[in-house]
Amino acid sequence: MPGLPLIIGVLLLSLISPFSHARGDGGPPAPGGMLGSSPSIASHARGDFTVAIDVGHSPDSGGALSARNRLEYSYNLKMAWTLLRELKKESRIRPLIINPQKDEISLKQRVVLINRAGPDFLISIHHDSVQPLYLSEWSYKGTRAAYCDKYRGYSLFISQKNAQAGLSRSYAIAIGNQLRTSGFFPSAHHAEKIKGEGRELLDAEAGVYRYDDLVVLKESRCPAVLLECGIIKNRAEELLARNPAYRGRLARAIRSAVRSLMDNRLTPNPVEDRS
Ligand SMILES: [Zn+2]
């Protein structure tokens with residue numbers, strides 16, 4: 001049974017942050033990352049760079065099923081909190097997680113939360129799947145599961161309908177280049193000319209695709225990038241996604257890229273390429 005100080009603490013948190021009152025157990029105790037609806041006003045005044053981390057999907061709508069029948073959402077959640085902790089090490093970066101209390105929200109509601117937070121940059125964290133024709137079956141712990149070991153690697157997406165499409169593209173390429181430098185490899189499978197894929201590769205080296213109608217990317221007012229961290233239908237890559245050291249390495253690469261974004265921001269040279 002919680003003691004009185006804890007109850008008072010929870011009440012206080014509820015009063016100061018609309019995101020804190022109902023947070024579940026998925027994240028570490030990092031109240032600094034649970035900024036509420038207006039973190040950017042103060043942070044912009046100090047010249048900080050606010051990064052919103054969107055956790056793809058939700059508990060009841062968990063996204064892709066992994067090769068071991070785990071929901072993508074659980075991986076997204078772990079990676080988002082790993083990234084939050086990593087970005088907090090950078091004094092100039094103010095990271096926050098969108099919907100940390102794990103509410104079931106629509107994509108439109110998600111966009112409202114993002115735009116209300118007013119970040120300088122949005123990164124939406126996901127884990128990838130493949131088209132059904134590439135799936136095989138195996139038995140994992142006595143249960144049938146679908147997997148695909150043919151593809152692996154990360155993918156980055158941007159929307160050219162985003163209000164800051166040129167910056168979104170530049171940011172995605174910067175992240176992709178840093179991921180390459182850090183030893184990660186992009187997957188080209190979204191460019192394949194088959195049903196459900198056929199995405200335009202904007203930068204094959206960096207692994208950046210164009211996906212204009214992804215709602216979160218299209219309707220966020222800040223530069224926005226979606227990162228598929230890896231393919232959890234791949235049995236080996238799923239094990240990596242479960243590995244805290246691997247997630248930490250990925251987060252450090254993203255932090256390094258965000259640092260370069262901030263420095264480039266001092267001499268902005270975005271390519272405005274809305275179409
Ligand atoms: Zn997803």
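In what follows, residues are counted from 1 in the order of the sequence shown. Counting convention: from 1, in listed order, for ligands and their atoms alike.
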(Q) Going by salt bridge (charged side-chain N to carboxylate O under 4.0 Å, His left out), name the pairs with one or both residues in residues 219-234, residues two or more places apart or in two chains. (A)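 As it turns out, the salt bridge (charged side-chain N to carboxylate O under 4.0 Å, His left out) pairs with a partner in residues 219-234, which skip direct neighbours, are K108-E219.
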- Query: Backbone N or O of Y147 within a donor-acceptor pair of the R235 side chain at under 3.5 Å?
  - Reply: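 Here the side-chain-to-backbone pair does not exist.
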Stepwise salt bridge (Lys or Arg N to Asp or Glu O under 4.0 Å) test for D213 and K161: CA-CA 7 Å; D213 288 324; K161 292 181 180 172; 2.7 Å; yes
What's the count of protein N, O or S atoms under 2.8 Å from the Zn ion (ligand 1)?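 Considering protein N, O and S only, the Zn ion (ligand 1) has 4 within range.
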Would you call the rings of F121 and F49 parallel, tilted or perpendicular if under 30° counts as parallel and over 60° as perpendicular?
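Ring orientation of F121 relative to F49: tilted.
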Quiz item: Do D128 and R152 sit within salt-bridge range, that is, some charged N less than 4.0 Å from a carboxylate O?
Solution: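 No, no charged N to carboxylate O under 4.0 Å.
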request  = Look up atom CG in D212 and atom NZ in K218, then write down how far apart they are to the nearest 0.5 Å.
outcome  =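 That separation rounds to 8.5 Å.
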